[in-house]
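Have a look at the structure below before the remarks.
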Amino acid sequence: MKSISDYIRTIPDFPHEGIMFRDVTTLFNDARGFRMAVDMLLHPFAGRPIDRVAGLEARGFILGGAVAHQLGVGFIPVRKAGKLPHERISQDYTLEYGTATVEMHTDSFQPGESVLIVDDLLATGGTAEAGIKLIERMGGKIAGCAFVVDLPDLGGRARLEAMGVEVHSLCSYTGE
């Protein structure tokens, strides 16, 4: 039986030299692999009270939508700035060379609801931390974060766990 990492293509030197890019589109393209990933992402959280799933732009929309469907709950898109049409809340975060902003509609959930955050890859944790802060500022409770790929050498897992957030990943790549 294949593991999740068997479905992920590695592309050397993308987007620039020295980077080993983990391409999950090959996972999405395989029905069996995609189904396995969705099931494995939600498994640690099954049976817990989860009211919404938040997907981080952009591949987190694909995974988060599927996880929300399986859990029978609503989906929240956490988008790059300027993409949402209604009243929204924003959160800046730091990138390697600058800052970026993510946004969420202010009517995405009710205060006190539990939200699971889903994305394809955990690197430095900046985008996930911004999503956590958005949800918490609106009175939501973080059920946890689920990722397909973890790059632990970049410190994202430690960063999120230091915030008291449970982190689950399906595979990890170290030393690259």
Side-chain angles (χ1 to χ4, degrees), residues 1-48 50-80 83-84 93 95-96 100 102 104 108 114-132 135 142-161 165-176:
M1 181 174 196
K2 284 185 165 183
S3 69
I4 290 296
S5 60
D6 293 330
Y7 292 98
I8 298 170
R9 173 174 41 204
T10 299
I11 302 172
D13 300 321
F14 182 84
H16 51 49
E17 191 173 337
I19 300 293
M20 299 295 282
F21 185 81
R22 305 305 175 176
D23 181 15
V24 295
T25 63
T26 49
L27 171 68
F28 297 163
N29 191 40
D30 186 286
R32 195 170 274 160
F34 184 57
R35 177 63 177 222
M36 180 172 40
V38 170
D39 290 347
M40 290 173 69
L41 285 168
L42 68 86
H43 180 75
F45 304 99
R48 295 192 199 176
I50 295 174
D51 300 298
R52 304 274 188 269
V53 173
L56 304 177
E57 188 160 338
R59 290 174 295 272
F61 295 172
I62 298 164
L63 293 159
V67 169
H69 172 76
Q70 287 296 100
L71 292 174
V73 301
F75 175 76
I76 303 167
V78 177
R79 302 228 41 201
K80 294 176 183 173
K83 301 290 185 181
L84 294 172
Y93 64 100
L95 298 167
E96 187 177 355
V102 290
M104 179 175 62
S108 294
S114 179
V115 180
L116 173 63
I117 296 174
V118 176
D119 203 2
D120 68 318
L121 185 127
L122 175 60
T124 65
T127 308
E129 180 180 11
I132 290 165
I135 292 162
I142 304 300
C145 291
F147 304 92
V148 173
V149 175
D150 181 14
L151 303 176
D153 295 346
L154 298 180
R157 175 182 288 270
R159 180 179 187 171
L160 300 182
E161 288 175 343
V165 174
E166 179 182 347
V167 177
H168 174 65
S169 64
L170 306 187
C171 64
S172 63
Y173 296 90
T174 59
E176 300 170 16

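What you are looking at is a predicted structure, and each value in this text was computed from that prediction instead of being measured. Index from 1, following the sequence.
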Point-to-point distance, once rounded to the nearest 0.5 Å, from CG of L71 to CD1 of I50 | 5.5 Å
In this structure, CD1 of I4 is separated from CZ of F34 (nearest 0.5 Å) by 10.5 Å
Shortest non-hydrogen contact between L95 and A100, atoms and distance = CD1-CB, 3.7 Å
First locate atom NZ of K83, then atom CD of E57, and finally report the distance between them rounded to the nearest 0.5 Å.
-> 7.0 Å
Quick one: does V148's side chain get under 4.5 Å of Y7's, heavy atoms only?
-> no
Are any non-hydrogen side-chain atoms of F61 and R79 less than 4.5 angstrom apart?
-> yes
Taking all non-hydrogen atoms of both residues into account, name the closest pair between D13 and G18 and its distance.
-> OD1-N, 2.8 Å
Can you see which heavy atom on L170 is nearest to which on A37, and at what distance?
-> CD1-O, 3.7 Å
Criterion side-chain contact (heavy atoms from CB on, under 4.5 Å) against V67, the qualifying member of I62, V73, V38 | V38
So, the side chain of R159 versus the backbone of T124: is there a donor-acceptor pair under 3.5 Å, distance only?
-> yes
D6 side, atom CG; L27 side, atom CG - distance, nearest 0.5 Å = 10.5 Å
Does a side-chain heavy-atom distance below 4.5 Å link E166 with I142?
-> no
Does any non-hydrogen side-chain atom of L122 lie less than 4.5 Å from one of L160?
-> yes
State the CG-OG1 distance between D30 and T26, to the nearest 0.5 angstrom.
-> 8.5 Å
Quick one: does I8's side chain get under 4.5 Å of Y173's, heavy atoms only?
-> yes
When every non-hydrogen atom of F45 is compared with those of A143, the smallest separation belongs to CE2-O, 3.7 Å
When you look at CZ of R48, are more than 12 heavy atoms from neighbouring residues, nucleotides or ligands closer to it than 6.0 Å?
-> yes
State the CZ-CG distance between F147 and L41, to the nearest 0.5 angstrom.
-> 10.0 Å
With a 4.5 Å limit on heavy-atom distance, are the side chains of I117 and I135 in contact?
-> yes
Under 3.5 Å, is there a donor-acceptor pair between the S169 and R157 side chains?
-> yes
Working for side chain to side chain contact (heavy atoms under 4.5 Å, CB included), residues T25 and R9 = CA-CA 8 Å; T25 63; R9 173 174 41 204; 3.6 Å; yes
Are any non-hydrogen side-chain atoms of M40 and L42 less than 4.5 angstrom apart?
-> no
Would you say D23's side chain and T10's backbone share a donor-acceptor pair under 3.5 angstrom?
-> no
Less than 4.5 Å apart, any side-chain heavy atom of H43 and any of Q70?
-> no
Under the criterion side-chain contact (heavy atoms from CB on, under 4.5 Å), which of D119, D120, L121, V102 is the partner of L56?
-> D119
